[in-house]
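Report on the following structure.
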Amino acid sequence: VTTDTDHNCDVCGAPDVSEHSYSESWSYDETTHWHECACGDISAVAAHGYDDDFDATCNTCGFERTAKTLVATIGDQKFDSFSAAVAAAKDGETIVLHTNVTLTERIAVSTKQVWEFGNYTVTLANGDENYSLVVKGDLTINSGKFIVNGWYGIGVTGTLTVNGGEFSVAEYNDYLIGNWGTVNITGGTLNGQYCCVNCFSGNVTISGGKFSTTEFDYTGEYPSYDIFADGVVTVTGGSFSKNVTEYCVEGYHTADADNDGVYTYGEHHYESTVTPPTCTEEGYTTYTCDCGDTYVTDKVDATGHHHNAVV
């Protein structure tokens, strides 16, 4: 645009540049926006403005750029990397997931964290002969879907609490959770192959949740287990694809499987059978549950021999 000394626009005839007729709509390029007159003169030139690096739309002109993808948040903090969010979380903070995530490296939790992942899925990295997720601190999982890749899933030396979520296997897996610390499971669904929870040492408490394993046996020597324990496992609730009565608290069991093959935790229901004493053998009462559990009590001394007097 050129102007003469009379300040009239040579193209549109405006007597002064202040009298250009600028469009109300915005023109823009990748970095700036402006209002433009038919003559080509421009006004109100300014850089695009965004809320943050995750905001794709200019607040002024509506220009759309390629912004960072929002993966997770901790309060007002935003992250484009799940690993970065886990590393940044301080004690007591909650990580909220905003998209599905596929990891390529193992993750370690060293602080006290809560995971609220809704219906989003985290596909753990294939740790091969290492764990894909290591819990050294204190992790509570309330929701989300977790897919384990490789032989080992979640290794716990700290504390893991599972209140919800779905845990499954991509192709092959030895066990979903391996424990040397403390694991508390109150809910959620764990679908494993060889084993859902392997308690090498430490303590596992199960008060709810659904557990199932397939008949997958990569060695040809061992059956599958919902729970396998060298440490201390206490079951006070839940449903299972295998009978885990040996881990139930006294007076409870996982009853015979229903038509769907599900063993449900509940109280024993015993029927009593009285064996009366004899001259030489004591009497007793046998209590037998339909699951096969049995115990003997109410013992009575043998009566001893009784001879009638001969006259």
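The model shown is predicted, which means the values in this text are computed figures rather than measured ones.
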Check your understanding: What's the verdict on side-chain contact (heavy atoms from CB on, under 4.5 Å) for N149 and T123, showing C-alpha distance, side-chain angles and the deciding distance?
Key -> CA-CA 7 Å; N149 261 318; T123 301; 3.5 Å; yes

Point to revise | ILVMFWY network linking V134 to W180, side-chain heavy atoms under 4.5 angstrom | key: yes

Point to revise | Single-linkage hydrophobic cluster, 4.5 Å side-chain cutoff, V71 and L103 together | key: yes

Review point. Side-chain donor-acceptor pair under 3.5 Å between D226 and T213, yes or no?
Key: yes

Review point. Can you check whether K242 reaches F211 side chain to side chain, under 4.5 Å on heavy atoms?
Key: no

Exercise for review: Determine yes or no for a side-chain-to-main-chain donor-acceptor pair under 3.5 angstrom, with D41 supplying the side chain and E36 the backbone.
Suggested key: no

Practice item. Would you mind telling me which of Y194, F167, F200 makes a ring-ring contact (aromatic ring centres under 6.0 Å, His included) with Y175? Key: F200

Practice item. Please confirm whether the backbone N or O of A89 pairs with a side-chain atom of T111, one donor and one acceptor, at under 3.5 Å? Key: yes

Review point. Is the distance between the ring centroids of Y120 and F82 less than 6.0 Å?
Key: no

Review point. Side-chain contact, heavy-atom cut-off 4.5 Å: W115 with V86?
Key: yes

**Study point:** Distance (rounded to the nearest 0.5 Å) between F146 CZ and T121 OG1
**Key:** 9.0 Å

Exercise for review: Give the C-alpha distance, both sets of side-chain angles, the deciding distance and a yes or no for side-chain contact (heavy atoms from CB on, under 4.5 Å) between Y131 and V148.
Suggested key: CA-CA 10 Å; Y131 290 93; V148 172; over 6 Å; no

Check your understanding: Is a side-chain N or O of T303 found less than 3.5 angstrom from the main chain of T278, in a donor-acceptor match?
Key -> yes

Practice item. Go through the steps for Y247 and F240 under the test ring pair (Phe, Tyr, Trp, His ring centres under 6.0 Å), then give the verdict. Key: CA-CA 12 Å; Y247 304 116; F240 307 84; 9.2 Å; no

Check your understanding: Less than 4.5 Å apart, any side-chain heavy atom of D55 and any of T57?
Key -> yes

**Study point:** Over 12 non-hydrogen atoms of neighbours within 6.0 angstrom of CD in E64
**Key:** yes

Review point. Take atom CD in E281; do more than 12 heavy atoms of anything else shown fall under 6.0 Å from it?
Key: no

Point to revise | Over all atoms of both residues, closest heavy-atom pair of V300 and P277 | key: CG1-CG, 4.0 Å

**Study point:** Residues, nucleotides or ligands: over 12 heavy atoms within 6.0 Å of D52 CG
**Key:** yes

Practice item. State, without any angle test, whether N203 and T182 hold a side-chain donor-acceptor pair at a distance under 3.5 Å. Key: no

Exercise for review: Could you tell me which non-hydrogen atom of Y22 sits nearest to which non-hydrogen atom of C37, and how far apart they are?
Suggested key: CD2-N, 3.4 Å

Check your understanding: Under 4.5 Å between any side-chain heavy atoms of I107 and L124, yes or no?
Key -> no

Review point. Do the side-chain N and O atoms of N191 and S168 include a donor-acceptor pair separated by under 3.5 angstrom?
Key: no

Point to revise | Under the ring-ring contact (aromatic ring centres under 6.0 Å, His included) test, residues paired with Y295 that sit two or more places apart | key: Y270, Y287

Review point. Crowded around D91 CG? As in, over 12 foreign heavy atoms under 6.0 Å?
Key: yes

Review point. How many angstroms lie between atom OG of S212 and atom CD of Q193, to the nearest 0.5 angstrom?
Key: 10.5 Å

Practice item. Could you tell me how the ring of H48 sits relative to the ring of H33: parallel (under 30°), tilted (30 to 60°) or perpendicular (over 60°)? Key: tilted

Review point. Under a 4.5 Å side-chain heavy-atom rule over Ile, Leu, Val, Met, Phe, Trp and Tyr, are W26 and Y50 clustered together?
Key: no

**Study point:** Pairwise side-chain contact, T31 with F63, heavy-atom cut-off 4.5 Å (strictly under)
**Key:** no

Exercise for review: Report whether L139 and V96 are members of the same hydrophobic cluster (ILVMFWY, side-chain heavy atoms less than 4.5 Å apart, transitive linking).
Suggested key: no

Check your understanding: Would you say the side-chain atoms of H35 pair up with the backbone N or O of I42, donor to acceptor, closer than 3.5 Å?
Key -> no

**Study point:** Separation of T69 OG1 from K78 NZ (nearest 0.5 Å)
**Key:** 12.5 Å

Point to revise | Linked, directly or transitively: I206 and V244 (ILVMFWY side chains, under 4.5 Å) | key: yes

Review point. How many angstroms lie between atom CD1 of I227 and atom CD1 of I177, to the nearest 0.5 angstrom?
Key: 10.5 Å

Revision key, fill the gap. Nearest heavy-atom approach of A302 to C279 is CB-O, 3.5 Å

**Study point:** Closest contact, heavy atoms only, G181 versus N179
**Key:** N-OD1, 2.9 Å

Check your understanding: Taking atom CD of E116 and atom CG of N142, what is their separation to the nearest 0.5 Å?
Key -> 4.0 Å

Check your understanding: Which heavy atom in S25 sits nearest to a heavy atom in S23, and how many Å separate them?
Key -> OG-OG, 2.8 Å

Study note, to complete from the structure: For F54, the hydrophobic cluster (side chain heavy atoms closer than 4.5 Å, chained through members) also holds L70

Revision key, fill the gap. One should read off an interatomic distance between N119 CG and S143 OG, to the nearest 0.5 angstrom, of 8.0 Å

Revision key, fill the gap. Salt bridge (Lys or Arg N to Asp or Glu O under 4.0 Å) pairs touching residues 136-145, sequence neighbours excluded, are none

